[in-house]
Protein chains: 2
Amino acid sequence: MATRPARQGDRVTIVDVAAAAGVSRQTVSNALNKPHLLAAETLEKVHAAINDLGFAPNVAAQQLRRRRASAYGFEVNPSGAGRMGHILDGFLVEMTAAAPDHAAHLVTFAPELDRLIEGYDRLLGTGLVDGFVLGDTRHGDPRPDWLLEQGVPFVTFGRIWDRPDLDGWVDVDGRAGVRLGVEHLLSQGYERVAWLGWPDGSPVGDDRRAGWLDGLTASGHDADASMAVESVQDLSQATAAAERLLRGLKGRGAIVCASDLLALGAIRAIRNHDLRLGTDIGVVGFDDTDVAEALSLTSLRQPLRPAAEAAWRILASGHQSRPHGIPGAAATDDEGDGHAERTALLPPTLTIRASSTPEPSGTPTGRTTRRSSTS
Amino acid sequence: MATRPARQGDRVTIVDVAAAAGVSRQTVSNALNKPHLLAAETLEKVHAAINDLGFAPNVAAQQLRRRRASAYGFEVNPSGAGRMGHILDGFLVEMTAAAPDHAAHLVTFAPELDRLIEGYDRLLGTGLVDGFVLGDTRHGDPRPDWLLEQGVPFVTFGRIWDRPDLDGWVDVDGRAGVRLGVEHLLSQGYERVAWLGWPDGSPVGDDRRAGWLDGLTASGHDADASMAVESVQDLSQATAAAERLLRGLKGRGAIVCASDLLALGAIRAIRNHDLRLGTDIGVVGFDDTDVAEALSLTSLRQPLRPAAEAAWRILASGHQSRPHGIPGAAATDDEGDGHAERTALLPPTLTIRASSTPEPSGTPTGRTTRRSSTS
DNA sequence: GGACACGATTTGAACGTTCAAATCCGGTGG
DNA sequence: CCACCGGATTTGAACGTTCAAATCGTGTCC
């Protein structure tokens, strides 16, 4: 209730509380950590004393004695380096906000990129953190193997595509998301839905493209190859690619894109052809960035908060990531009873804006959201 | 050199090192913290042992004994809340990267917004951090006063406009930045330069607007009121405002904007009037966001890395922020000799792209940067 | 009525480091 | 020859908490 008395003299310790409550050190400790051991009456006394004195346990002392930091390292990189870009910033923020009530925290760190493992090792060696959150998982990433070998707990945001046998990841179901986008466009009356994606070979890109196919086939549409086109993550190239698409999209067509930047290219191409965004050609982007908001672009938004919550659950679930997929028994991964899930695949939501609304009426400034269901 | 032996059994402690080097506990400690006390030979022996064993001091033990965490709290808020938006994410990243070599770190936290101070108090009370980085300083912010009262060290990113007497801040000189933008446009041959800013009353906005005036008057141009127009941070309103401007800007004109979003509005207006961006009308934005990059928009970039470095210096400079501005002596704030600066006002740099290039020639895809000098 | 179990609480020790003070030792001056 | 100095190093204690084991009652069973 009362904020701690302003830094007057020495800190309040567990011993002060014990004296005030007329009990021993350890009883106070137990009141905090194992309340079931105390008589109800005693517990109350102790809590009163804690409030009176404004006691808060010293984290460093706890870490030292418990031999664990209850903290996790979160690698960040000065801009440009990671293609994940700002999504990761958002994930960091959400993980911070979702941290289990004051029981754990995040420490940011920025290892030198040519001595990545050394940076992780350092943080671990000092006991500053117990484990890590890996913000992305690039191809050929040395970190998962190393961490596994060391027996260090970690979660990754993004599947570990290299190692399908590993659990301990959280990811967004891009495939289901894109499918949602396709279905939305079809339901809006656009007759053909094309795909503007990245070049083959990126797991994330390929996954999203599959969602496009899913959406078409599930609705009884067929997709000929001319309706899919690819571009690297660059505005002018994306614009050129989209223009190729537009030639094939007579009438009321639409384009689903692997990113908001690609979608921006599509929008430019539409303008160049003197077509009207939404009214003539629908567009859906991915990530719901500032660009999407600014341009009234319908876009798929990654559910970062739920992802963050799942990540904490995974970190808590076991301090040991283990390979799974035992050949013997059919893996019923979702047991129940404390047997926590060690993977989470979350469906994006669709933020609907004017770029996917054929009629200028409807919800003009309003913003709607739909959640896809993971297949 | 060698990474620590893989978590085999117990941790390596200072005592192990001492034994290996044939010296005492404290000597090892001194080797790390007060090397000048040791004989050269001994120092070498100890370092050898440290490397051999892969010793890294336990942070929790240090924190406990030293009675300081060497860590600082960095408040983050789930998106939407802060208008500073993603700049703050960038600042967090840069501060992490600029952390004085492993001597301090950042802990993120997300207090409940209606119990803000409580969140700060909690973090402090547990000894988890020694102080804070305040990512923004809103009007009527309760935090600076409270922290001051508690004697807690902190830096703010952004001047404390409410309390000009306080030091301990780092900020970007928006005024100098905008002036740079104006001068750049004039030097490119645009004849008139208009201002698209935010409504009066925001300190940041007013400051940037002043930079526009600076730029014009310094170049012998005069600014009539019709050349400045304002809009809230919203695309359609910004577009409308920019269109008003365009009517007055006959010939080769240009628009400097208080943000990239406003600049986007300007770009739209330019398109609507069938003018060519850059060639007919120049535009400069502010913050050099993804939008700017995607649209080839010349924009002012906040020097986050230098700002982060300055912030660390301020945190280190004294563990007590103090009011300054003693009436007696003229304040020569920049003494020298260890008397560290407790404020830093840093000039943005201009990232030049096609939107401020009248000739389609010049540097086509190339990107140039110019630094403004703080007045 | 004594052995025993069990709930509630306390005591001793330890986590790994640094502070403060003590010790050791060769050298110097009276 | 002894007192004293100062550089180099060591020893004792403490930082604030939790683990592990001990203690203290009270009640139960045979």
Side-chain angles (χ1 to χ4, degrees), chain A residues 4 9-47 49-50 53-71 102-103 124-130, chain B residues 4 9-47 49-50 53-71 102-103 124-130:
Chain A
R4 274 173 313 95
D10 288 312
R11 229 175 223 336
V12 179
T13 79
I14 213 174
V15 177
D16 301 321
V17 176
V23 298
S24 74
R25 227 168 58 238
Q26 183 67 17
T27 297
V28 177
S29 173
N30 286 338
L32 265 50
N33 302 313
K34 302 178 177 173
H36 60 277
L37 291 182
L38 298 202
E41 190 190 8
T42 312
L43 187 56
E44 201 175 339
K45 261 192 318 188
V46 174
H47 276 142
I50 288 178
L53 302 180
F55 167 75
N58 181 294
V59 173
Q62 290 182 319
Q63 292 179 336
L64 180 57
R65 180 67 251 224
R66 290 176 171 162
R67 305 175 125 266
R68 50 148 59 212
S70 296
H102 305 288
L124 219 45
T126 60
L128 192 54
V129 303
D130 299 324
Chain B
R4 275 173 311 96
D10 288 312
R11 227 174 224 336
V12 179
T13 78
I14 212 173
V15 177
D16 301 322
V17 176
V23 299
S24 74
R25 229 168 57 238
Q26 184 66 17
T27 297
V28 177
S29 173
N30 286 337
L32 265 47
N33 302 313
K34 303 179 178 173
H36 60 278
L37 291 182
L38 297 203
E41 190 191 6
T42 312
L43 188 56
E44 201 174 342
K45 261 194 316 190
V46 174
H47 276 143
I50 288 178
L53 302 180
F55 167 75
N58 180 295
V59 173
Q62 291 182 318
Q63 292 178 336
L64 181 58
R65 180 66 249 222
R66 290 176 172 161
R67 308 176 121 264
R68 49 140 74 208
S70 297
H102 304 289
L124 219 45
T126 60
L128 192 55
V129 303
D130 299 324

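The sequence lines fix the lettering, A, B, ..., with proteins before strands; numbering per chain opens at 1.
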Task: Pair of N/O donor and acceptor under 3.5 Å linking C:dT18 base with B:R65 side chain - done: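 Flag set: donor-acceptor pair detected.
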- [ ] Check whether the side chain of B:R25 and the base of C:dT18 form a donor-acceptor pair under 3.5 Å.
- [x]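 Donor-acceptor pair under 3.5 Å: yes.
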Nearest to side-chain heavy atoms of [X], which nucleotide of [options]:
X: A:P57; options: D:dT10, C:dT9, D:dT17; value: D:dT17
X: A:A39; options: C:dT17, C:dT9, D:dG16; value: C:dT9
X: A:I14; options: D:dT18, C:dC15, D:dA8; value: D:dT18
X: A:T27; options: D:dT9, C:dT10, D:dT17; value: C:dT10
X: A:A61; options: D:dT9, C:dC19, D:dG16; value: D:dG16
X: B:K34; options: C:dT11, C:dG16, C:dC19; value: C:dC19

Task: Closest heavy-atom pair and its distance - A:L38, A:N30 - done: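 Reported closest heavy-atom pair: CD2-CB, 4.0 Å.
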Task: Closest heavy-atom pair and its distance - B:A69, B:L128 - done: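 Of all heavy-atom pairs spanning B:A69 and B:L128, the closest is CB-O, 3.3 Å.
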Open item on the list: Can you work out whether B:L43 or A:N33 has the more 5'-proximal nearest nucleotide on DNA chain D?
Closed with: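 Result: B:L43.
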Open item on the list: Can you work out whether A:Q26 or A:L37 has the more 5'-proximal nearest nucleotide on DNA chain C?
Closed with: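 The answer here is A:L37.
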